[in-house]
Amino acid sequence: NILKYKVISFDLFDTLLHRNCSKPRDLIDFIGGSKKVLNYKNFSELRLLTQSELEKNGRSADIFEIYNSLNKKLKLPQSTIKKLIKIECDFEKKFTVINKYIKKVFDLCVKNKKEIYITTDFHLSKKRIEKILKFHKIFGYKGIISSCDFGFFKSDGNLFKVLKKKTKEKNIIHIGDNFKSDILGA
C-alpha cells in the first residue's frame with residue numbers, strides 16, 4: 001500500500017505524463033521540420049547527437065547547454081537559438097497528456113498529505129517543469145528534482161541521493177517506468 005510511505009516520488013515522463021507522440025524524438029523532428037523557424041536538413045539528428053555527446057560521461061545537461069553546444073555546429077543567430085529553445089519547451093508542454101491512472105495515485109497521495117516529489121531525468125530545469133505541471137493542473141508536490149539541475153541521473157543513484165537529502169526520510173517510494181533508472185537507481 002502506497003499510503004504507508006511518508007514520501008512518494010514520481011517520475012515525470014512516461015509515468016505522470018505521457019507524450020502525445022510515438023517516441024520522444026518526434027518532438028525534435030517537429031522542431032526540425034518547422035520551416036518558419038529553421039530550414040536545416042539534419043536538425044533533429046544533430047540536436048539529439050549533441051545531447052548524447054554532452055551526456056555520454058553520465059552528466060545530465062540542460063537545454064541551454066545543449067543548444068549552445070549545437071550552435072557551435074549550426075552557427076545560427078542567438079535569436080534563432082532562443083526561439084528553438086522556446087519552441088522545444090512549448091512542445092514539451094503541448095505534446096504531453098496526463099496519465100490518468102498515475103494521476104489518481106498522485107491525487108490520493110496529495111489527499112493523504114504525503115510529501116511528494118517529482119524526480120526526473122530531463123534536460124529542462126525545475127522552473128520549466130513547474131510550467132508544464134501548472135499547464136496540466138498538477139499541484140500538491142513539495143519539490144521537483146530534475147537531473148539537469150544537479151548534473152546527475154537517476155540510474156547511478158545520485159539523483160535519488162539528492163531526494164534523500166531534501167527529505168531526510170528513509171521511508172520513500174519512487175514510482176516510475178524505467179527498470180534501470182527508476183528501480184535499480186533508487
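Any value given below was found using the heavy atoms of this structure, including those in side chains, with hydrogens, waters and symmetry copies removed.
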Report summary line: Sorted by chain and number, sequence neighbours left out, side chain to side chain donor-acceptor pair (under 3.5 Å) with D177 holds for T15
Report task. Return each pair, listed once, that meets ring-ring contact (aromatic ring centres under 6.0 Å, His included) where at least one residue sits in residues 68-97; pairs must be two or more places apart or across chains. Result -> F30-F95, F91-F95
Query raised in the report: Taking T96 for the side chain and K93 for the main chain, is one N or O donor matched with an acceptor at less than 3.5 Å?
Result: yes
Query raised in the report: Does Y67 have any ring pair (Phe, Tyr, Trp, His ring centres under 6.0 Å) partners at least two apart in sequence or in another chain, and if so, which?
Result: none
Query - side chain to side chain donor-acceptor pair (under 3.5 Å), paired with T167, selected from E115, K6, K142 - result: E115
Query raised in the report: Linking I/L/V/M/F/W/Y whenever any side-chain heavy atoms sit under 4.5 Å apart, do I173 and L12 land together?
Result: yes
Query raised in the report: Is E88 reaching over with its side chain to a backbone N or O of I28, donor-acceptor style, under 3.5 angstrom?
Result: no
**Report entry** Pairing residues for D156 by the salt bridge (Lys or Arg N to Asp or Glu O under 4.0 Å) criterion, not counting sequence neighbours
**Finding:** none
Query raised in the report: Can L46 be reached from F64 by stepping across I, L, V, M, F, W or Y side chains whose heavy atoms are under 4.5 Å apart?
Result: yes
Query raised in the report: According to a 4.5 Å side-chain heavy-atom criterion applied to Ile, Leu, Val, Met, Phe, Trp and Tyr, with indirect links allowed, do V110 and I129 form part of one hydrophobic cluster?
Result: yes
Report task. May I have all residue pairs that pass salt bridge (charged side-chain N to carboxylate O under 4.0 Å, His left out) and include part of residues 117-135, sequence neighbours excluded? Result -> none
Query raised in the report: Distance from F10 atom CZ to I118 atom CD1, nearest 0.5 Å?
Result: 7.0 Å
Query - Residues in salt bridge (Lys or Arg N to Asp or Glu O under 4.0 Å) contact with D26, at least two apart in sequence or another chain - result: K23
Report summary line: Hits for side chain to side chain donor-acceptor pair (under 3.5 Å) against K86, two or more places apart or cross-chain, chain-then-number order -> D90
Query raised in the report: Which residues pass the side chain to side chain donor-acceptor pair (under 3.5 Å) test with S60, sequence neighbours left out?
Result: S147
Query raised in the report: What residues form a salt bridge (Lys or Arg N to Asp or Glu O under 4.0 Å) with E53, not counting sequence neighbours?
Result: K73
Query raised in the report: Do D107 and K103 sit within salt-bridge range, that is, some charged N less than 4.0 Å from a carboxylate O?
Result: yes
Requested in this report: Could you tell me whether the side chain of N112 and the main chain of K114 form a donor-acceptor pair under 3.5 Å?
Outcome: no
**Report entry** Co-membership, hydrophobic cluster, residues I85 and L49, 4.5 Å side-chain
**Finding:** no
Query raised in the report: Can you list every ring-ring contact (aromatic ring centres under 6.0 Å, His included) pair that touches residues 120-156, not counting sequence neighbours?
Result: F13-F122
Query - Counterpart residues, salt bridge (Lys or Arg N to Asp or Glu O under 4.0 Å), relative to D11 (two or more places apart) - result: K154
Query raised in the report: Going from CG on D149 to CD1 on I145, what distance comes out if it is rounded to the nearest 0.5 angstrom?
Result: 10.0 Å
Query raised in the report: Which pairs pass salt bridge (charged side-chain N to carboxylate O under 4.0 Å, His left out) with one or both residues in residues 58-70, sequence neighbours excluded?
Result: R59-E65
Requested in this report: May I ask whether L163 and I144 are part of the same hydrophobic cluster, defined by side-chain heavy atoms of I, L, V, M, F, W, Y residues being less than 4.5 angstrom apart, directly or through others?
Outcome: no
Report summary line: In this structure, OG of S181 is separated from CG of D14 (nearest 0.5 Å) by 11.0 Å
